Protein chains: 2
Amino acid sequence: MRDSELPAIRRLPLFRTMSEENFLSLTSAAYVQTFPPQVNLIEEGALPDFLHIVTEGAVEMFAGWNRRETTMAIVRPVSTFILAACIKDAPYLMSARTLERSRIILLPVGDLHSIFRRDPDFAMATVDELAACYRGVVRQTKNLKLRSARERLAAYIMRKSAEAGDAASVVLSVEKRLLASFLGMTPESLSRAMRSLQDDGAKIDGQRVIITDRAALEALARPSRLIDGPD
Amino acid sequence: MRDSELPAIRRLPLFRTMSEENFLSLTSAAYVQTFPPQVNLIEEGALPDFLHIVTEGAVEMFAGWNRRETTMAIVRPVSTFILAACIKDAPYLMSARTLERSRIILLPVGDLHSIFRRDPDFAMATVDELAACYRGVVRQTKNLKLRSARERLAAYIMRKSAEAGDAASVVLSVEKRLLASFLGMTPESLSRAMRSLQDDGAKIDGQRVIITDRAALEALARPSRLIDGPD
DNA sequence: CGAACCCTTGACAGAAATCAACTAAGGTGG
DNA sequence: CCACCTTAGTTGATTTCTGTCAAGGGTTCG
């Protein structure tokens, strides 16, 4: 593992509070691997063997049914994924694949469980992490059920802008077809929705979205702390 | 509190493993209340004050945005709700109202937190519970994004039938408009979807759904353990 | 240079929401 | 006890939204 990686992982809320001893014993058993883009890391239905951590690159969480597929999340460094499956020792509900060349740390579930059982601080941190994940998915469900595709796109742009300090222009960090799938629509619909947002204060130029009328866009997106976060 | 209630709560996975002492101290501080139908128990955006438990009746979890409203879940006895918000001490993401006359046990979050911190078994149970909740919402999201309204209805019927031991007939336990909202459609769409399922092996008769051709219905719903559970 | 692949656009089809009218059931008050 | 009112559910007509199919432009990469 690289020098910078361990501290970066240690800084994650999930690992910040646990004892140094346990942290070292957990990470010393870890595997580190670098994967090219488009490599399947985990497949839904399989049983968990490692808690995954991305330290470089990007990972897509996706799920399939009946020859259809949808993007559930995009995980960027430094983050863990599939914690819940590891905890429950139950089949993955999502698959994961690399989007770019990515470095992945793999923590064996066995070690995770044993340390989890004897380090109360780690258990607490796990509770907090899972509660946060849960709330994240609840937000996503509200977003899907309460907003139309156009509204979801507008809200996404507002959110990205807010994350960049209310920037007037945001750069899409993922392929549009991926964003479309994440937002629950087809690439064609996203393309049209983008175009139609010109009348609502947002212009698209390649990978860059320029907010031309923040008030108009906000009127459409109606951002809400209870859907779009950040808490 | 009634004689039968405490044991029933104790039997919940969340409370089963904690020490008797802590369980008694937690529940002795509890409030018990009976509410008529259509009473708002909690409102999204507010800060958590009690962990709620339904012991009788039924509770609807719902969420609103921009004059729209959607049913997120229906909670039946004996179950807890809004655990995640209590743990994180963060604003509710959902509102709750009684559907019928309901008995609700209220556990003050303060007691919850303090016992949570000193009872490792309770902390473990909380982790398990949250992981299960998380996986539940992930399933719901997959259901919404991967299946059409008709397919969701078919899957819902299959699921209800499976829960009743593959019964050929199931009784809808909630109002249709509520079911529609839960499944992410309008009452009109649900009505039409029900009717259209006659060609796919399910007939509706009032509150009762009769599965006339299980194979056909299954071909439409394509139930998957990774969406419809039970794990 | 060619072969993928992504994105866009157009035409069309299908799904689902909306608007409106009507029925039936249940509860209320005279 | 009955007329009335409210509400859930259904149905029809229509609009809106979104997906599908097909084609073409542009880019990247081997």
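Hydrogens, waters and symmetry mates play no part in the numbers below; they use all other heavy atoms, side chains included. In this text, all values refer to a predicted model and were calculated from it rather than measured experimentally. Chain identifiers are assigned alphabetically (A, B, ...) following the order of the sequence lines, protein sequences preceding nucleic acid strands; residue numbering begins at 1 within each chain.
Salt-bridge annotation for A:Glu163 and A:Arg76: absent, with no side-chain N of the basic residue lying under 4.0 Å from a carboxylate O of the acidic one. A salt bridge links A:Asp128 with B:Lys88: the distance from a Lys NZ or Arg NE/NH1/NH2 to an Asp or Glu carboxylate oxygen falls below 4.0 Å. Between B:Glu188 and B:Arg192 no salt bridge is recorded (no basic side-chain N to carboxylate O distance below 4.0 Å).
Residues B:Ile9 and B:Met1 are in side-chain contact: their nearest non-hydrogen atoms beyond the backbone lie under 4.5 Å apart. Side-chain contact between A:Leu172 and A:Tyr156 is present, with at least one heavy-atom pair separated by less than 4.5 Å.
Look at NZ on B:Lys176: it is 12 Å from C1' on C:dA24, rounded to the nearest Å. In this structure, B:Arg177 atom CZ and D:dG9 atom C1' are separated by 11 Å, rounded to whole Å. As rounded to whole Å, 11 Å separates atom P of D:dT18 from atom CG of A:Leu153. Atoms CG (A:Asn66) and C1' (D:dG19) sit 16 Å apart, rounded to a whole Å. The distance from atom CZ of A:Arg68 to atom P of D:dG19 is 11 Å, rounded to the nearest whole Å. If you measure from atom CG of B:Asp205 to atom C1' of D:dG9, you get 14 Å, rounded to the nearest angstrom. Between A:Leu178 atom CG and C:dC7 atom P there is a gap of 9 Å when expressed in whole angstrom units. Regarding A:Arg147, its CZ atom lies at a distance of 13 Å from the P atom of D:dT18, rounded to whole Å.
Considering only side-chain N and O atoms, B:Ser191 lies nowhere under 4.0 angstrom from the phosphate OP1 or OP2 of D:dG9. Proximity of A:Thr186 to the phosphate of D:dT18: no side-chain N or O atom is located under 4.0 Å from OP1 or OP2. Checking the phosphate oxygens (OP1, OP2) of D:dC17, no side-chain nitrogen or oxygen of A:Ser148 falls inside 4.0 Å.
Across all strands, B:Glu175 comes closer than 4.0 Å only to sugar-phosphate atoms, never to a base (heavy-atom distances).
One donor-acceptor pair, N or O on each side, does fall under 3.5 Å between the base of C:dG10 and the side chain of A:Arg192. Counting atom types as modelled, A:Gln207 pairs no side-chain N or O with a base atom of C:dC7 as donor and acceptor under 3.5 Å.
The side chain of B:Met185 lies closest to C:dA17, out of C:dA17, D:dG19, C:dC19. Distances from the side chain of A:Ala149 to the nucleotides C:dC7, D:dT11, D:dT18 place D:dT18 closest.
Annotation: of the two residues near DNA chain D, A:Arg152 and B:Arg195, the 5′-most nearest-nucleotide partner is B:Arg195.
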